[in-house]
Colleague: 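This structure is in structure tokens; I'll ask about it shortly.
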Protein chains: 2
Amino acid sequence: MKNDSDLFLDNQLCFPFYATSRLITRLYQPLLKKIDLTYPQYLVMLVLWESDSIIVSQLGKRLFLNSNTLTPLLKKMEQKGLLIRKRSNEDERTVIIELTSKGQKLKTKATGIPNSLKEQLNINMPMEDILELKKSLWKFLGNFETIQL
Amino acid sequence: MKNDSDLFLDNQLCFPFYATSRLITRLYQPLLKKIDLTYPQYLVMLVLWESDSIIVSQLGKRLFLNSNTLTPLLKKMEQKGLLIRKRSNEDERTVIIELTSKGQKLKTKATGIPNSLKEQLNINMPMEDILELKKSLWKFLGNFETIQL
DNA sequence: CAAGATTTAATCTTAAACAATTTAATACAT
DNA sequence: ATGTATTAAATTGTTTAAGATTAAATCTTG
């Protein structure tokens with residue numbers, strides 16, 4: 001069952017997920033800087049642009065994040081004027097997040113981002129990095145026997 | 001070209017990578033705590049267990065990390081006695097990382113981790129989270145038209 | 001060989017992540 | 001109804017992640 005090769009970095013399925021996630025975030029960074037958002041902040045905005053208003057726990061379920069991450073993040077976004085936080089009247093434990101008009105308007109500026117990113121991917125992503133990751137992912141698609149999460 | 005649905009969270013390929021990566025790291029955490037490692041520290045150990053000695057820049061290429069992340073990480077691991085850092089004689093700019101015997105020995109304790117993780121996955125990962133991610137990944141495998149990185 | 005460019009790691013700063021704990025509100029069981 | 005459990009968010013402390021800059025060594029090129 002246990003195998004020495006289980007500990008090879010290239011046999012860890014977790015690693016391409018970890019590395020790809022960070023590389024994509026890096027690509028986003030210059031684009032998001034133009035609208036003064038970080039990547040996790042952008043994810044919050046994506047949710048709010050869909051729903052306008054949501055309680056923290058539901059937002060957390062959507063993004064797989066807890067209040068220990070979300071609370072400081074949302075406070076920062078409130079300071080920027082993108083949203084407001086208020087306790088619910090029905091249940092004082094819950095906090096409702098509401099998009100402000102400034103937050104609404106930001107959506108217009110954001111519409112070009114997905115396409116810009118695709119261009120970024122070709123221009124600024126080092127080709128060796130892409131190949132490395134494609135190789136990793138391909139390996140796992142081609143050979144499930146050695147997968148280690 | 002631009003489409004309103006481009007900004008739907010569920011159309012972002014980046015998100016399942018980001019979320020899966022964090023969920024896997026969370027699963028690792030209790031297992032790695034037993035051998036006093038964090039997930040990125042574990043990745044460094046995986047590389048060192050393969051090569052015993054490596055310079056920082058090469059390690060960075062392997063893990064897609066720069067010195068601004070690696071230097072503090074490696075210093076912490078040096079304090080734990082897992083490795084030593086020393087300047088190369090041939091090129092004083094480069095820093096060589098070498099596994100200590102303590103670092104070597106840790107490998108034995110780590111051999112069970114990949115299998116333990118698979119059990120963790122079944123026991124401790126909330127099934128709804130897994131289903132959510134499977135749905136996301138499936139969506140992208142099934143429909144490349146709407147992919148937004 | 002000397003000036004400028006490049007490489008390598010370290011430093012500084014800001015922002016996420018997340019475990020563990022705390023605080024407050026609500027649900028619930030006897 | 002009251003004490004106990006549960007839930008929601010916030011707080012605290014530690015570790016990553018990464019942009020921007022710095023400092024030192026090495027390479028390059030005239």
Side-chain angles (χ1 to χ4, degrees), chain A residues 14-15 17-34 36-44 54-61 63-80 85-97 124 129, chain B residues 14-15 17-34 36-44 54-61 63-80 85-97 124 129:
Chain A
C14 59
F15 182 63
F17 276 94
Y18 168 77
T20 303
S21 169
R22 283 188 299 103
L23 289 176
I24 294 175
T25 305
R26 262 183 243 177
L27 280 182
Y28 265 107
Q29 206 271 345
L31 298 174
L32 292 175
K33 197 176 185 178
K34 290 179 189 168
D36 190 31
L37 286 179
T38 64
Y39 179 69
Q41 287 169 10
Y42 175 63
L43 292 181
V44 170
I54 191 170
I55 67 171
V56 173
S57 56
Q58 280 305 309
L59 181 61
K61 268 189 188 153
L63 300 180
F64 302 93
L65 287 169
N66 297 321
S67 65
N68 50 6
T69 300
L70 282 176
T71 299
L73 194 70
L74 293 171
K75 279 184 176 173
K76 231 165 266 166
M77 296 175 75
E78 189 179 32
Q79 283 178 345
K80 290 189 200 175
R85 298 156 61 249
K86 62 179 184 194
R87 293 272 164 186
S88 160
N89 289 329
E90 294 83 52
D91 186 341
E92 288 277 348
R93 290 172 302 182
T94 66
V95 167
I96 303 169
I97 305 301
N124 286 335
D129 288 0
Chain B
C14 59
F15 182 63
F17 275 95
Y18 167 78
T20 303
S21 169
R22 283 189 299 105
L23 289 177
I24 295 175
T25 304
R26 262 183 241 176
L27 280 181
Y28 265 108
Q29 205 272 342
L31 299 173
L32 292 176
K33 196 177 186 178
K34 290 178 188 168
D36 191 32
L37 287 179
T38 64
Y39 179 69
Q41 288 169 8
Y42 176 63
L43 293 180
V44 170
I54 191 171
I55 66 171
V56 173
S57 57
Q58 280 305 309
L59 181 60
K61 268 189 189 153
L63 300 179
F64 302 93
L65 288 169
N66 297 321
S67 65
N68 50 7
T69 299
L70 282 177
T71 299
L73 194 70
L74 293 170
K75 279 185 176 174
K76 230 165 267 166
M77 295 175 76
E78 189 179 33
Q79 283 178 345
K80 291 189 199 175
R85 299 156 61 250
K86 63 179 184 194
R87 292 271 163 189
S88 160
N89 289 329
E90 294 83 52
D91 186 340
E92 288 277 346
R93 290 172 302 181
T94 66
V95 167
I96 303 170
I97 305 301
N124 285 335
D129 287 1

Colleague: If you define the side chain from C-beta out and look only at heavy atoms, does anything of Q58(B) sit under 4.5 Å from K61(B)?
Modeller: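 Heavy-atom side-chain distance check passes, below 4.5 Å.
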Colleague: Atom CG of N66(B) and atom C1' of dA9(C): how far apart are they, to the nearest Å?
Modeller: 11 Å
Colleague: Given side chains that start at C-beta, do those of R22(A) and L65(B) come closer than 4.5 Å, heavy atoms only?
Modeller: yes
Colleague: Would you indicate what E90(A) reaches in the nucleic acid, counting non-hydrogen atoms under 4.0 angstrom: base, sugar-phosphate, or nothing?
Modeller: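 Counting heavy atoms under 4.0 Å across all strands, the contact made by E90(A) is with sugar-phosphate only.
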Colleague: Kindly determine whether I24(B) and Y18(A) satisfy side-chain contact (heavy atoms from CB on, under 4.5 Å), including the steps that lead there.
Modeller: CA-CA 9 Å; I24(B) 295 175; Y18(A) 168 77; over 6 Å; no
Colleague: Quick one: L27(B) CG to dC18(C) P, roughly how many Å, whole number?
Modeller: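 For the pair L27(B) CG and dC18(C) P, the rounded distance is 11 Å.
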Colleague: Spell out, as yes or no, whether a donor-acceptor pair under 3.5 Å connects the side chain of K76(A) to the backbone of Q41(A).
Modeller: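 No.
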Colleague: Provide, to the nearest angstrom, the distance between the CZ atom belonging to R87(A) and the C1' atom belonging to dT26(C).
Modeller: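 So the CZ-C1' distance, R87(A) to dT26(C), works out to 13 Å.
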Colleague: What nucleic acid atoms does D91(A) come within less than 4.0 Å of, heavy atoms only: base, sugar-phosphate, or nothing?
Modeller: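 Sugar-phosphate, no base atom in range.
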Colleague: Can you give the first and last nucleotides of DNA chain D, 5' to 3', that have an atom under 4.0 Å from a heavy atom of chain A?
Modeller: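 So the outermost contacting nucleotides come out as dT7(D) to dA20(D).
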Colleague: Of the listed nucleotides (dT8(C), dA25(C), dA20(C)), which one gets closest to any side-chain atom of E92(A)?
Modeller: dA25(C)
Colleague: Could you go through L63(A) and T69(A), starting from their C-alpha distance and side-chain angles, then the distance that decides it, and tell me whether this counts as side-chain contact (heavy atoms from CB on, under 4.5 Å)?
Modeller: CA-CA 11 Å; L63(A) 300 180; T69(A) 300; over 6 Å; no
Colleague: Could you check whether any side-chain N or O of D91(B) sits under 3.5 Å from a backbone N or O of R93(B), counting only pairs where one atom can act as donor and the other as acceptor?
Modeller: yes
Colleague: With a 3.5 Å cut-off and just heavy-atom distances, do the side chain of T71(B) and the base of dA9(C) make a donor-acceptor pair?
Modeller: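 Result: no qualifying N/O pair found.
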Colleague: Indicate yes or no: at least one non-hydrogen side-chain atom of I55(B) is less than 4.5 angstrom from one of S88(B).
Modeller: no
Colleague: Please figure out whether R93(A) or Q29(B) has its closest DNA chain C nucleotide nearer the 5' end.
Modeller: Q29(B)
Colleague: Is there a donor-acceptor contact under 3.5 Å from the side chain of R87(A) to the main chain of I96(A)?
Modeller: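 Pair absent, no side-chain N/O of R87(A) close to backbone of I96(A).
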Colleague: Distances under 3.5 Å only, N/O to N/O: pair up the protein atoms with those of nucleotides 14-17 of chain C.
Modeller:
| unit_1 | atom_1 | unit_2 | atom_2 | d |
| --- | --- | --- | --- | --- |
| dA16(C) | OP1 | T38(A) | OG1 | 2.3 |
| dA16(C) | OP2 | Q41(A) | NE2 | 2.9 |
| dA17(C) | OP2 | Y18(B) | OH | 2.5 |

Colleague: In Å, rounded to the nearest 0.5 Å, how long is the span from CD of Q29(A) to OG1 of T38(A)?
Modeller: 9.0 Å
